[in-house]
Amino acid sequence: AAILTGAICIEMPPLA
Amino acid sequence: KYTMPDLDQEENTCFPAAASNIIYWFGENGYPNLLPALVTGENRHRRLFTKLLVHCNVSYRLGTKFEVMTTGLKNFFKEQGYNDVKVSYRGFGGAVFTGPEWFEKNGQDNVGFILCIDYVKKTGEREYSAAESLGHCISLLTYSDNVAVILDPAHTADERGRYTFRFQPVRNVRLTDSNGTYPLPLVYELP
């Protein structure tokens with residue numbers, strides 16, 4: 001089985 | 001993020017490959033300064049990958065260290081002129097674990113995720129043993145209600161591509177590795 005060990009979130013500035 | 005391009009990884013470069021896939025998507029969807037200038041005869045996606053390779057200090061032999069992933073990405077975004085990008089890591093080795101509700105933000109056009117996975121064996125009820133592995137990184141295409149479609153940047157000769165899976169959060173588990181057994185607040189089980 002695979003297990004997610006973490007995640008990186010990228011949040012760009014909101015589009016106008 | 002369904003139209004994300006799929007650059008394949010070389011050797012131990014899953015992190016910059018997965019990151020370049022989602023960042024290229026942002027480049028084509030509202031953030032054009034993320035994309036390298038078009039030069040005849042060159043592959044723009046490959047040039048973006050190389051920039052991330054350098055920023056994140058990636059080794060073809062050893063891969064990418066967790067602690068440089070977020071700072072490397074932040075520095076890349078600043079170099080491209082985007083100073084207000086938020087890059088955050090939650091999970092193994094970090095301070096905060098998170099439930100799957102965090103991934104709902106992937107539905108926003110300005111938010112994307114890179115999942116950092118490892119392979120372990122289930123040895124009992126809420127008991128797991130760690131496998132010898134460098135870990136792996138993949139990109140999230142869509143997510144809803146514990147069902148994710150992911151893009152795996154695996155080597156061309158392996159099984160690169162898109163996969164759908166349903167995962168189950170399991171809380172308060174124990175993980176055994178070569179250093180002993182210790183508690184983890186959360187893992188996601190895959191079938």
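Given the structure is predicted, the values throughout are model-derived calculations rather than measurements. Here is how names work: the chains are called A, B, and so on, in the same order as the sequence lines, proteins then strands, and each is numbered from 1.
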**Part of B/Asn29 within contact of chain A (heavy atom distance under 4.5 Å)** = backbone
**Prompt:** Out of curiosity, A/Ile8 CD1 to B/Cys116 SG, how far, rounded to the nearest 0.5 Å?
**Reply:** 4.5 Å
**Request:** For residues B/Val111 and A/Ile10, determine if any side-chain heavy atom of one lies less than 4.5 Å from a side-chain heavy atom of the other.
**Result:** no
**Message:** Main chain of A/Pro13, side chain of B/Asp84: is a donor-acceptor contact present, judged purely on distance under 3.5 Å?
**Reply:** no
**Asked** Counting heavy atoms not belonging to B/Asn57, are there more than 12 under 6.0 Å from its CG?
**Response** no
**Message:** Take a 6.0 Å sphere around CZ of B/Arg174 and say whether it holds more than 12 heavy atoms from other residues, nucleotides or ligands.
**Reply:** no
**Prompt:** When hydrophobic residues are tied together by side-chain contacts of less than 4.5 Å, even through go-betweens, does B/Phe76 share a cluster with B/Val68?
**Reply:** no
**Message:** For the CG atom on B/Asp145, are there more than 12 heavy atoms of other groups (residues, nucleotides or ligands in this structure) within a distance under 6.0 Å?
**Reply:** no
**Check: B/Phe103 and A/Cys9 side chains under 4.5 Å, non-hydrogen atoms** = no
**Complete:** Scored by heavy-atom pairs under 4.5 Å with chain A, the best of B/Asp109, B/Val87, B/Val85 is B/Val85
**Prompt:** If Ile, Leu, Val, Met, Phe, Trp and Tyr residues are connected whenever their side-chain heavy atoms lie under 4.5 Å apart, and connections chain through other members, are B/Val173 and B/Tyr182 in the same group?
**Reply:** yes
**Message:** Are B/Lys105 and A/Glu11 packed together at the side-chain level, in the sense that at least one heavy-atom pair is separated by less than 4.5 angstrom?
**Reply:** yes
**Asked** Checking heavy atoms, do the side chain of B/Leu140, its backbone, both or neither come under 4.5 Å from chain A?
**Response** neither
**Request:** State yes or no: do B/Leu7 and B/Ile138 share one hydrophobic cluster built from I, L, V, M, F, W and Y residues joined by side-chain heavy-atom distances below 4.5 Å, directly or via other members?
**Result:** no
**Request:** Can you see which heavy atom on A/Pro14 is nearest to which on B/Tyr31, and at what distance?
**Result:** C-OH, 4.0 Å
**Item:** Engaged part of B/Leu34 at the chain A interface, taking heavy atoms whose separation is under 4.5 Å
**Value:** side chain
**Request:** Below 4.5 Å from any heavy atom of chain A, which atoms of B/Phe26 appear? Answer side chain, backbone, both or neither.
**Result:** side chain
